[in-house]
2 protein chains.
Amino acid sequence: MLYSTIETLKKNQLSITDSRKKILEMFVRSKGALAHADIESQSGTEFDRVTIYRTLQTFVEKGIIHTIPTADNSVRYALCKDACTEGHHRDDHVHFMCDHCGTTYCLDHVHVPKVSLPEGFTSTQMDLVVSGKCMKCNH
Amino acid sequence: MLYSTIETLKKNQLSITDSRKKILEMFVRSKGALAHADIESQSGTEFDRVTIYRTLQTFVEKGIIHTIPTADNSVRYALCKDACTEGHHRDDHVHFMCDHCGTTYCLDHVHVPKVSLPEGFTSTQMDLVVSGKCMKCNH
DNA sequence: TAATATAATGCAACATTGTTGCAAAATATT
DNA sequence: AATATTTTGCAACAATGTTGCATTATATTA
Ligand SMILES: [Mn+2]
Ligand SMILES: [Mn+2]
Ligand SMILES: [Zn+2]
Ligand SMILES: [Zn+2]
């Protein structure tokens, strides 16, 4: 089922504001993940830097978007497509960063495989980030 | 085979300086990974912040240490135990971050499993970071 | 719908992290 | 020991992120 941005905001008990509507729409339209800087440049001077930070934080807390751990330690965000809820993310899919065009993809259908940890270690979360050349850049 | 810090520096054609000796020694002694801030606090006012940044950069370039992509997007470093050389890292092991004590471990003997990517995607690097409770914190 | 209560925004100020240029100091080479 | 080369410390700057607070926008209630 697909929700409009307004429906998504309502469903998460967030008040409907211009910044939230527009930023959420950017994620819906975008193929890849977005960094704070992407949102800032796409929205021009429409919103304050701080508003963007706070909007992203709120969306993460509500389980609307998730952060992506990248090899270069920059912060990127993408829509949650799994059953994420407030304070509980379930994004157990693989992420892909293209070395060539820089796009970061959620590979929603590729799951992180189990690995056997050494005696005594127990896991609650696994993040797998694959780098290489994407679909488009492999022409 | 085990090299002394001085031998390691020589082997990599680096001049022997106080900061390089001491910082490399910190890595050799440390069980887990180190962040810039750890090195700064452990060394007090002995070295300038900039020197620490430059030393870490040099070590990464030479294949002496590698960066660890973490879920919280903070930068950590650990000794390379694989056959890393100048400009070419081969650290294909799993990393573990303890949610409880914060220690980051290189699980040198746990390799990153292959995953099948969607048509058109080709990979050059895979980073798997597992979070949970470590050996010590599971008491 | 209008009045009131609540929440989000913009701004300024600050903190943290990382980078660069350059003179002084340390190390390596002759 | 003298010279060449490299590294260091300092200052200045850039990028990224956080906080407090008055103003503005949204939601609630009458
Ligand atoms: Mn994702
Ligand atoms: Mn490692
Ligand atoms: Zn690409
Ligand atoms: Zn632990």
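Contact annotation: A/Ser15 reaches the phosphate of C/dA8 (side-chain N/O to OP1 or OP2, under 4.0 Å). OP1 or OP2 of D/dG9 sits under 4.0 Å from a side-chain N or O of B/Thr51. Neither OP1 nor OP2 of D/dG9 sits under 4.0 Å from any side-chain N or O of B/Arg49.
In this structure, CG of A/Asp48 is placed 15 Å from P of D/dT24, rounded to the nearest angstrom. Rounded to an integer number of Å, the gap from B/Ile16 CD1 to C/dA25 P is 23 Å. To the nearest angstrom, P of D/dT8 lies 9 Å from CG of B/Asp18. Atom CD1 of B/Ile6 and atom P of C/dT27 are 11 Å apart (whole Å). The distance between atom NE2 of A/His36 and atom P of D/dG17, rounded to the nearest whole Å, is 7 Å. Taking atom OH of A/Tyr77 as the reference point, atom P of D/dT16 lies 12 Å away to the nearest angstrom. We find that CD of B/Gln13 is positioned 17 Å from P of D/dT5, with the value rounded to whole Å. Here the P atom of nucleotide D/dT16 and the CG atom of B/Asp72 are 18 Å apart, to the nearest Å.
For the pair A/Leu14 and A/Tyr53, nearest-nucleotide mapping onto DNA chain D gives the more 5' position to A/Tyr53. Toward the 5' end of DNA chain D, the nearer of the two residues B/Arg20 and B/Val50, judged by each one's closest nucleotide, is B/Arg20. Of the two residues contacting DNA chain C, namely A/Ser19 and B/Gln57, the nearest-nucleotide position lying further toward the 5' end is that of A/Ser19.
Between A/Met97 and A/Thr104, some side-chain heavy-atom pair lies under the 4.5 Å cut-off.
A salt bridge does not link A/Glu7 with A/Lys11: every distance from a Lys NZ or Arg NE/NH1/NH2 to an Asp or Glu carboxylate oxygen is 4.0 Å or more.
In the hydrophobic clustering of ILVMFWY residues, with side-chain heavy atoms under 4.5 Å counting as a link, A/Val129 and B/Val112 come out apart.
Ranking C/dA28, C/dC22, D/dG17 by closeness to the B/Arg54 side chain, first place goes to C/dC22.
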Evaluate the criterion side chain to side chain contact (heavy atoms under 4.5 Å, CB included) for residue pair B/Leu56 and B/Ile39; output intermediate values, then yes/no. CA-CA 10 Å; B/Leu56 291 171; B/Ile39 294 166; 3.7 Å; yes
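Ring planes of A/Tyr53 and A/His36: parallel class, angle under 30° (limits at 30 and 60°).
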